[in-house]
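Worksheet for the structure shown next.
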Amino acid sequence: MRLSRYFLPILRDTPKDAEIVSHRLMLRAGLVRQQSAGIYAWLPLGLRVLSKINAIVRQEQDRSGAIELLMPTMQSADLWRESGRYDAYGKEMLRIKDRHERDMLFGPTNEEMITDIFRSYVRSYKDLPLNLYHIQWKFRDEIRPRFGTMRSREFLMKDAYSFDVDEAGARHAYNRMFVAYLRTFARLGLTSIPMRAETGPIGGDLSHEFIILASTGESEVYCDKSVLDLAVPGPDTDFNNVEELQTIVGNWTKPYAATSEMHDEAVYDAIPEDRKVAARGIEVGHIFYFGTKYSEPFGAKVTGPDGVDRPVHMGSYGIGPSRLVAALIEAFHDDQGIAWPVEIAPFHVGLINLKVGDEATDAACETVYRALESRNIDVLYDDTDARAGGKFATADLIGLPWQIIVGPKSLADGKVEVKRRADGERRVVSIEEAVLLVAG
RNA sequence: CGGGGUAUAGCGCAGUCUGGUAGCGCAUCUGGUUUGGGACCAGAGGGUCGUGGGUUCAAAUCCUACUGCCCCGACCA
C-alpha cells in the first residue's frame with residue numbers, strides 16, 4: 001500500500017478527551033474515530049489490527065473444536081422473555097421498537113438466541129459435544145463508557161457457547177476453551193492470567209476471567225508470581241484428550257490468582273513474600289459454566305442413550321477483540337507511539353522514502369516495495385513528499401514492526417537502513433539483505 | 001442515575017466578566033527557499049460561535065429551555 005493513496009488520518013496533537021495512553025494513541029494513529037459516546041468507527045489501520053486479532057481468535061477457536069456461525073445483532077424481545085432476562089437485564093439493554101411496534105433489542109449477548117438455534121435442530125446425545133461461536137458486535141448501554149474501545153458501548157465480542165450431555169462433558173468443554181484462551185492471548189503476545197471469577201447463581205469453580213497485567217487496568221488483581229512462568233500449551237495439544245486438558249487446567253489454576261471481588265486475604269498472605277503480586281489488570285476474556293440455566297426454560301434437551309430426554313449443560317465464553325486492540329497498545333507502546341507485535345501489526349513493514357523525487361531513492365524504494373509485495377509481506381510505503389522528520393515520527397507512531405529507510409546517505413553505498421520498532425535497533429544493509437531481514 | 005465540567009475553523013485554544021464588523025497556534029491550499037528526527041518566508045481558503053426561544057438599535061458575550069461530549073462514583077467482554 002502506498003501511503004499517498006491510503007486513508008491514514010494522523011493527529012499531531014493529542015485529543016484532550018483521551019485519558020489513557022491506548023486511547024490517545026488509537027486516535028492519534030488514525031485507528032478509530034469516536035462517533036458518539038462509547039461508539040467508534042474503525043478506520044482502515046484500526047480495522048486491519050482488529051481483523052488480525054479476529055483471525056487469531058478464530059484459529060484457536062477452530063483448533064479447539066468450536067464451530068463458527070453468525071447471529072444477528074438485532075434480536076426479538078420474545079426470546080428474552082423466555083429466559084426471564086428481558087426484565088432482568090435492565091437499562092443496559094438497548095431496546096428498540098420496529099415499525100410494527102414489536103419489541104426488539106440490540107443484542108448484549110447471545111445465550112438465548114444460540115439456545116433457540118440449538119433446540120430447533122439438535123435432538124440426540126450423539127450430536128454432542130457441540131460448541132458454536134461467532135464474532136459479532138454487541139451493544140451494552142453502559143452508564144459511563146470510557147477509555148476508548150476499552151469500555152465502549154458498542155464492542156466486538158467473540159462469544160462461544162458449549163452444549164454437553166452432562167456436567168462432566170461440560171467441564172471438558174470448559175477446559176477446551178480455557179486452553180484455547182491461554183493460546184490465543186499468548187499468540188497475541190500477551191501474558192494472560194486465568195483468575196477465579198464470580199460464578200453467579202450456579203456456584204462451583206467454573207468461571208475464570210483472563211487478565212493481562214497493565215497499570216491502567218480497571219481491575220485490582222492479586223496472584224502468585226509462579227503463574228507467570230507456566231508454559232502455554234502448544235499447538236499440538238490434543239483437545240479431545242480429557243485427562244491432558246484437565247492436567248493443564250489444574251496446573252494453571254493451582255497458583256493463587258484472583259481479582260479483588262474474589263480475593264482471599266488469608267490465602268494470599270500465605271504466599272511467600274517474593275512471589276506476591278498485587279497489580280492492576282485488564283479483563284480480556286471470561287468463561288462460564290452455567291449448567292441448565294438456559295436449556296431448561298428453553299426446553300433445549302437431547303435424548304440420552306437410555307432414551308430419556310435431559311436438558312443440556314451449557315457454558316459461554318467471551319473475548320473482546322475491540323477491547324484487545326486497546327489492551328495490546330497498553331502493553332506495547334513507548335513515548336514515540338505504538339510498537340505492534342508482529343502477529344497483529346496492521347502492516348509488517350513501513351518503507352520510508354526520505355527523498356521522493358530523487359531518481360535513485362525512488363528506484364530503490366520501488367525495488368524494495370515490489371520485492372516485499374511479491375513475497376506477500378504487507379508493506380506501507382511512505383511515498384509522500386513530507387520531510388524526513390515527519391515521516392520518522394509517523395512511522396514510530398503507527399508502530400509497524402519494521403522500518404526500511406531509504407535515503408541518499410546510505411544509498412550512496414548501495415545500502416538501506418532497517419530499523420526494528422520494538423527496540424530501535426538499526427542496521428545498514430543491502431536491499432536484498434533488508435528484504436530477507438524483515439521477511440524473518 | 002447522582003455530582004462536577006465543557007461546547008467558538010479539521011485539532012488545540014483565546015475572546016464571554018464589562019454586548020459594538022470572530023481571533024491565535026497547528027493542520028490545509030498556492031508560490032518560493034529548504035530537505036536524515038515534526039523547516040522557513042510570502043500569500044490564500046475555511047466558522048449558522050451546540051440547538052431553540054427571549055432581551056436589545058446591536059448577542060459568541062446577557063436571560064431561558066434543551067442537547068451533545070468529558071471527568072468522578074456504583075455496573076460490565
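Only a predicted model underlies this, so the values are computations on that prediction, with no experimental measurement involved. By convention in this document, chain letters (A, B, ...) are assigned in the order of the sequence lines, proteins followed by strands, and residues within each chain are numbered from 1.
Following rounding to the nearest Å, Ile319(A) (CD1) and rC76(B) (C1') show an atom-to-atom distance of 17 Å. A straight line from CG of Leu324(A) to C1' of rA77(B) spans 9 Å, rounded to a whole angstrom. Ile212(A) places its CD1 atom 16 Å from the P atom of rA77(B), with the value rounded to the nearest Å. The distance between atom CZ of Phe392(A) and atom P of rU35(B), rounded to the nearest whole Å, is 15 Å. As rounded to whole Å, 6 Å separates atom C1' of rC26(B) from atom CG of Asp13(A). As rounded to whole Å, 11 Å separates atom P of rC70(B) from atom CZ of Arg146(A). Put simply, CZ on Arg144(A) is 4 Å from P on rC72(B), counting in whole angstrom units. Rounded to an integer number of Å, the gap from Gln34(A) CD to rC11(B) P is 12 Å.
At least one side-chain nitrogen or oxygen of Arg387(A) sits closer than 4.0 Å to the OP1 or OP2 atom of rA39(B). Remark: Lys355(A) is not in phosphate contact with rG36(B), judged by side-chain N or O atoms under 4.0 Å from OP1 or OP2.
Across all strands, Arg28(A) comes closer than 4.0 Å to base atoms (heavy-atom distances). Contact annotation for Gly390(A): base contact, defined as any heavy-atom pair under 4.0 Å involving a base atom.
For the segment residues 36-44 of chain A, residues with any heavy atom less than 4.0 angstrom from an atom of RNA chain B are, sorted by number, Ser36(A), Ala37(A).
Aromatic ring pairs are classed by plane angle as parallel below 30°, tilted from 30° to 60° and perpendicular above 60°; the pair Tyr40(A) and His23(A) is perpendicular.
When both pairing distances are held under 3.5 Å, rA27(B) makes no Watson-Crick or G-U pair with any nucleotide shown. Nucleotide rG73(B): paired with rC1(B) (Watson-Crick or G-U wobble, both distances less than 3.5 Å). Nucleotide rU56(B) forms no Watson-Crick or G-U wobble pair with any nucleotide shown, as no partner meets the under 3.5 Å limit on both distances.
Closest approach of Gly285(A) and Tyr181(A) over heavy atoms only: CA-CE2, 4.2 Å. Considering every non-hydrogen atom in both Ser207(A) and Phe288(A), the closest pair reads OG-CD2, 3.5 Å.
With 3.5 Å as the limit, one finds no donor-acceptor pair spanning the side chains of Ser152(A) and Glu154(A). No hydrogens or angles considered: a donor-acceptor pair under 3.5 Å links the side chains of Glu433(A) and Ser430(A).
You won't find any donor-acceptor pair under 3.5 Å spanning the side chain of Arg12(A) and the base of rA27(B), going by distance alone.
Here the rule is ring-ring contact (aromatic ring centres under 6.0 Å, His included) with Phe178(A), and of Phe239(A), Phe185(A), Tyr317(A), Phe210(A) only Phe210(A) fits it.
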